[in-house]
Protein chains: 2
Amino acid sequence: MTTMNTAVTEYDAFRVQVSVSKDDICRELYRQNKTMIRIKKEAVAVRNLVRIIDSTLKLANSKGFRAMTLRDLCADSGLSMGGLYAYIKNKDDLIHLIQGHGFILTRRTLLDFIAPETDPHKRLFAAVKAHLYLSELMRAWFYFSFMEAKSLPASEKKDAIAIEQEIDDIFHEILEYGIKEGAFRPVESRVLSAMIKALLQDWYLKRRKYRDSDISVEQYAATVRDLLERYLA
Amino acid sequence: MTTMNTAVTEYDAFRVQVSVSKDDICRELYRQNKTMIRIKKEAVAVRNLVRIIDSTLKLANSKGFRAMTLRDLCADSGLSMGGLYAYIKNKDDLIHLIQGHGFILTRRTLLDFIAPETDPHKRLFAAVKAHLYLSELMRAWFYFSFMEAKSLPASEKKDAIAIEQEIDDIFHEILEYGIKEGAFRPVESRVLSAMIKALLQDWYLKRRKYRDSDISVEQYAATVRDLLERYLA
DNA sequence: GTCTATATAGGGATAGAC
DNA sequence: GTCTATCCCTATATAGAC
């Protein structure tokens with residue numbers, strides 16, 4: 001490897017490693033929703049899906065999904081009403097389209113990143129970092145999913161809750177394992193894992209605040225680790 | 001005082017002390033908004049305001065403010081459309097009506113509860129408890145304000161952000177003071193106060209989860225204190 | 001002060017041209 | 001595959017009776 005002048009942060013490395021590009025995700029979305037989408041050419045469909053999802057996230061996150069009209073969406077994305085309706089059969093399908101990936105990707109990423117770690121301390125920190133870095137990378141998705149969770153149709157809401165629970169469980173398990181191994185002192189692992197999630201969530205819910213205070217994702221991750229290490233020591 | 005068989009928790013005592021009843025708050029709201037409200041008899045107005053606000057919080061918190069129709073609201077509150085419009089001039093006034101009090105009350109309560117404490121440890125824990133207990137007492141208000149913050153008209157949004165900042169500052173000040181006094185080790189107090197708020201917020205954002213896990217507000221408060229004490233030691 | 005009935009607009013959804 | 005024009009319903013808001 002050649003020497004580089006620019007500082008490569010751990011987050012940068014993470015970004016390269018997961019490499020979830022908009023195009024990749026929209027391509028996957030297209031393939032998953034071929035029955036609903038009327039467009040046959042993949043290249044065209046993916047290009048428009050990127051625009052649709054970008055605009056939906058932007059508008060819904062700034063004024064709320066319900067307050068966003070499809071005319072707003074068309075104006076922002078450059079599509080016409082007719083064009084838009086080649087990709088969805090109704091407005092709620094936009095939620096469906098967006099929702100599917102965020103949480104599943106989170107779960108996969110968390111598991112991928114803790115898998116190689118056997119030491120409880122390292123496992124815990126790996127999970128914390130994976131969650132923070134991923135939500136940093138896809139903060140619009142995370143924010144949307146959190147804010148519009150109540151708008152989900154019953155069936156999807158159940159899925160969303162289940163996946164949330166799984167993420168909870170990942171942290172709970174790491175804590176329980178660490179306690180059993182004697183790496184952590186015995187604590188109420190249920191309460192603590194809930195709190196860990198609260199801290200991770202704040203990173204994408206209050207993104208602006210942290211940006212204004214010049215707090216980087218690495219710094220935040222380090223503080224969370226520090227807080228947990230001292231509590232568990 | 002006579003001895004009692006039922007266990008009186010600290011939270012119960014808090015509730016008595018702040019004694020923010022729905023009626024009191026709605027009476028204050030009525031007086032503040034006399035220009036907008038067409039009803040002249042205070043007793044009548046307050047009774048209806050209680051119903052309107054109760055129903056709005058209930059419906060908006062379950063499906064979102066925008067998704068809630070005024071017909072929903074009328075059905076739930078028992079008022080007619082005409083009746084409702086004696087209290088507001090448009091739907092957004094409902095936000096205005098509800099929003100005003102929560103944060104201001106929080107600030108007042110926080111300051112009241114930390115004022116008598118001089119020891120940094122006690123001050124910090126008093127603020128934590130005051131925030132948790134108040135949000136427990138008025139969780140619908142807190143949840144609504146958080147979720148509908150983006151729907152606020154620009155002028156009110158500015159106020160809301162300013163008050164939020166003030167609450168942040170209260171914690172920041174306690175930490176800085178404690179560090180200066182040597183009661184706490186030197187830490188990044190900005191990051192930590194942001195995290196404290198994240199933990200406090202989670203209590204009302206994820207109320208169901210904590211209820212399902214049988215975690216009481218006192219237990220949560222104790223864990224937060226423990227976490228902070230160990231971090232700051 | 002409260003109700004019912006009604007006006008109006010705005011937004012979701014579609015038909016059909018190109 | 002994409003656009004424009006239009007349909008139609010729903011939800012806000014008001015007028016006017018009681």
Side-chain angles (χ1 to χ4, degrees), chain A residues 26-27 29-31 33-53 55-56 59-60 62-98 148 151 153, chain B residues 26-27 29-31 33-53 55-56 59-60 62-98 148 151 153:
Chain A
C26 286
R27 178 160 297 110
L29 283 178
Y30 171 66
R31 288 174 186 169
N33 294 285
K34 264 192 172 163
T35 50
M36 178 161 72
I37 297 172
R38 287 206 308 270
I39 309 305
K40 292 297 154 222
K41 288 184 188 168
E42 182 167 295
V44 175
V46 170
R47 177 175 48 83
N48 283 332
L49 272 177
V50 170
R51 293 202 277 172
I52 290 169
I53 288 177
S55 294
T56 303
L59 295 169
S62 80
K63 52 162 66 176
F65 181 74
R66 227 93 207 183
M68 172 195 81
T69 73
L70 294 184
R71 285 180 175 81
D72 289 341
L73 180 57
C74 289
D76 194 84
S77 66
L79 284 160
S80 63
M81 286 294 274
L84 175 63
Y85 269 90
Y87 296 86
I88 55 173
K89 67 178 199 304
N90 59 51
K91 191 183 174 185
D92 278 357
D93 278 348
L94 283 170
I95 302 182
H96 173 79
L97 217 51
I98 288 176
E148 307 301 338
S151 311
Chain B
C26 286
R27 178 160 297 108
L29 282 179
Y30 171 66
R31 288 172 186 171
N33 295 285
K34 264 192 172 162
T35 49
M36 178 162 72
I37 297 172
R38 286 207 307 271
I39 308 304
K40 290 297 154 219
K41 289 185 188 169
E42 182 167 296
V44 175
V46 170
R47 178 174 48 83
N48 283 333
L49 272 177
V50 171
R51 292 202 277 172
I52 290 169
I53 288 178
S55 294
T56 303
L59 296 169
S62 80
K63 51 162 67 176
F65 180 74
R66 228 90 207 185
M68 171 195 82
T69 73
L70 295 183
R71 285 184 175 84
D72 289 341
L73 179 57
C74 289
D76 193 85
S77 66
L79 284 159
S80 64
M81 286 294 274
L84 175 64
Y85 270 89
Y87 296 86
I88 54 174
K89 68 178 200 303
N90 59 51
K91 190 183 174 185
D92 279 357
D93 279 348
L94 283 170
I95 303 182
H96 173 78
L97 218 52
I98 287 176
E148 307 300 338
S151 312

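Letters A, B, ... are given to chains in the order of the sequence lines, protein chains preceding strands, and every chain is numbered from 1.
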*Just checking B:Asn48: base, sugar-phosphate only, or nothing, at a heavy-atom cut-off of under 4.0 Å?*
sugar-phosphate
Go through the structure and list residues passing side chain to side chain donor-acceptor pair (under 3.5 Å) with [X], not counting sequence neighbours.
X	result
B:Asp92	none
A:Lys63	A:Asp72
A:Lys89	none

*To the nearest angstrom, how far is A:Leu84 atom CG from C:dG12 atom P?*
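Atom CG in A:Leu84 sits about 10 Å away from atom P in C:dG12.
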Tell me which donor-acceptor pairs under 3.5 Å the side chains of residues 39-47 of chain A have, and how far apart each pair is, sequence neighbours excluded?
residue: A:Glu42; atom: OE1; partner: A:Arg31; partner atom: NE; Å: 3.2
residue: A:Glu42; atom: OE2; partner: A:Arg27; partner atom: NE; Å: 3.2
residue: A:Glu42; atom: OE2; partner: A:Arg31; partner atom: NH2; Å: 2.9

*Using a 4.0 Å heavy-atom cut-off, write out nucleotides 11-18 of chain D from 5' to 3' as B (base contacted by protein), S (sugar-phosphate only) or - (no contact).*
BBBB----
*Taking OP1 and OP2 of C:dT2, is either one under 4.0 Å from a side-chain nitrogen or oxygen of B:Tyr87?*
yes
With a 3.5 Å cut-off and sequence neighbours excluded, list the donor-acceptor pairs that the side chains of residues 79-87 of chain B form with protein atoms.
residue: B:Ser80; atom: OG; partner: B:Gly83; partner atom: N; Å: 3.1
residue: B:Tyr87; atom: OH; partner: B:Asn48; partner atom: ND2; Å: 2.8

